[in-house]
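Atoms within each ligand, like the ligands themselves, are counted from 1 in listed order.
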Amino acid sequence: MSAKILDGKGTAQAIRAEIKEDVDKFIAETGVQPTLAVVLVGEDPASQVYVRNKETACVKAGMRSLMYRLPATTTNEELVALIEKLNRDETVHGILVQLPLPKGLDEKRILDLIDPHKDVDAFHPENVGLISQGRPRFLPCTPYGIQQLLVRYQIETAGKRVVVIGRSDIVGKPMAALMIQKGLGGDATVTVCHSRTVNLAQVAREADILIAAIGKPEFVTADMVKPGAVVVDVGMNRVERELVNEQGNLEKVSKLVGDVDFEKVKDVASWITPVPGGVGPLTVTMLLNNTLKAARLLVKAR
Ligand code: NAP
């Protein structure tokens, strides 16, 4: 068996086109341009790429993107002052602080300070609580994108056994929270695994839908996957590989790989997301979705 590809890139493009249409309509009706403020502290190269992608995606969707690039020497008080200013600014609808913050900055304090109505990452305790109660304001971008991908490929989740590997606040926990909710893309029976799980391979093999969010290159091997399972790979890991170049010499090349051993697992699974081109593009797409929703909510509340 060779698995079919869950094309995250194509799905993201389709959703972004829908969002662009909705943004155009919203601007025509209200005169308000949805605006996302992105705060980047420090020089982390990966964060710089992520932030640039978010900025470009915003502009392409017809939204306004405000970039705040601060030096790594920024203090907690300076960052607090910026977040409070953005909270007060009526022309800003979404606020995103790119993680990780440099050492010395209090991540929890900063994230908790973001107005929950502008919290387009859905990290604020108020938004996490609403998700848990099944009445979300915003859904966290990566799990939301994965749920959309499954729904758009008409992959049944109701009654299915879902195993999520990873229990981070950003991916694993909210992924599980979404899959147990009632309704489309939910109603699953969910197990969450982590580094203390005993017999992880055995638990993973029980999954109809296996979602890997571990941060360990090619951790999920073919023997951990039930034949015919759907496999979603959230991992994004930079590794160095030795490849033979055109001159026949060995060359070290930097490569992006997921948490799943794609080449082997694709022979066992029924559907699989590639890396890159799987979950990644959907994360940014759902951020656009949340920014438009934030603008709608703030305009309605006025
Ligand atoms: P994280 O905060 O480091 O969490 C990793 C989770 O994996 C933890 O819960 C950890 O367990 C678990 N884990 C680690 N080693 C394990 C092992 N040997 N066996 C079982 N569980 C293990 O990572 P994250 O932020 O969730 O991200 C996970 C991956 O997804 C990373 O590669 C990240 O780059 C990627 N990511 C991609 C996107 C996207 O848009 N595509 C978005 C976010 C993240 P403990 O809790 O017990 O330590």
**Report entry** Location of contacts on Ile214 toward ligand 1, heavy atoms closer than 4.0 Å
**Finding:** both
Query - Short N or O distance, Asp259 and ligand 1, threshold 3.5 Å exclusive - result: no
Query raised in the report: So, Asn127 and Asp119: side-chain donor and acceptor under 3.5 Å apart, yes or no?
Result: yes
Requested in this report: Taking Asp233 for its side chain and Val260 for its backbone only, find out whether a donor-acceptor pair lies under 3.5 Å.
Outcome: yes
Requested in this report: Please determine, by modelled atom types, if Thr189 and Arg161 share a side-chain donor-acceptor pair under 3.5 angstrom.
Outcome: no
Query raised in the report: How about Thr11 and Arg152: does a side-chain donor come under 3.5 Å of a side-chain acceptor?
Result: no
Requested in this report: Go through ligand 1 atom by atom and flag the ones less than 4.0 Å from a non-hydrogen atom of Gly166.
Outcome: 6 (C), 7 (O), 9 (O)
Requested in this report: Using a 4.0 Å heavy-atom threshold (strictly under), name the region of Thr197 that reaches ligand 1: side chain, backbone, both or neither.
Outcome: neither
Requested in this report: Using a strict cut-off of 4.0 Å, indicate which atoms of ligand 1 neighbour a heavy atom of Thr283.
Outcome: 39 (C), 40 (O)
Query - Gly215 neighbourhood, listing ligand 1 atoms whose heavy-atom distance to it stays under 4.0 Å - result: 28 (C), 29 (C), 31 (C), 32 (O)
Requested in this report: Any chance you could measure Leu86, atom CG, to Leu82, atom CG, to the nearest 0.5 Å?
Outcome: 4.5 Å
Query raised in the report: So which of Gly278, Ser195, Cys141, Ser168 gets nearest to atom 45 (P) of ligand 1, if we judge by its closest heavy atom?
Result: Ser195
**Report entry** Contact check: Phe219 vs ligand 1, nitrogen or oxygen atoms, below 3.5 angstrom
**Finding:** no
Requested in this report: Provide the number and element of each atom of ligand 1 under 4.0 Å from a heavy atom of Ala213.
Outcome: 5 (C), 6 (C), 7 (O), 28 (C)
Query raised in the report: Is it true that a side-chain atom of Lys54 and a backbone atom of Val38 form a donor plus acceptor pair closer than 3.5 Å?
Result: no
**Report entry** Separation of Tyr50 OH from Met236 CE (nearest 0.5 Å)
**Finding:** 3.5 Å
Query raised in the report: Is there a donor-acceptor pair closer than 3.5 Å between any side-chain N or O of Thr74 and the backbone N or O of Leu79?
Result: no
Report summary line: Per-atom filter on ligand 1: closer than 4.0 angstrom to a heavy atom of Gly280 are 40 (O), 41 (N)
Query raised in the report: Any idea which atoms of ligand 1 are less than 4.0 Å away from a heavy-atom of Val171?
Result: 26 (O), 43 (C), 44 (C)
Query raised in the report: Under a 4.0 Å N-O cut-off, is there an ion pair linking Asp24 with Lys20?
Result: yes
**Report entry** Atom indices of ligand 1 within 4.0 angstrom of Asn237 heavy atoms, with elements
**Finding:** 32 (O)
Query raised in the report: Would you say ligand 1 has an N or O under 3.5 Å from any N or O of Arg167?
Result: yes
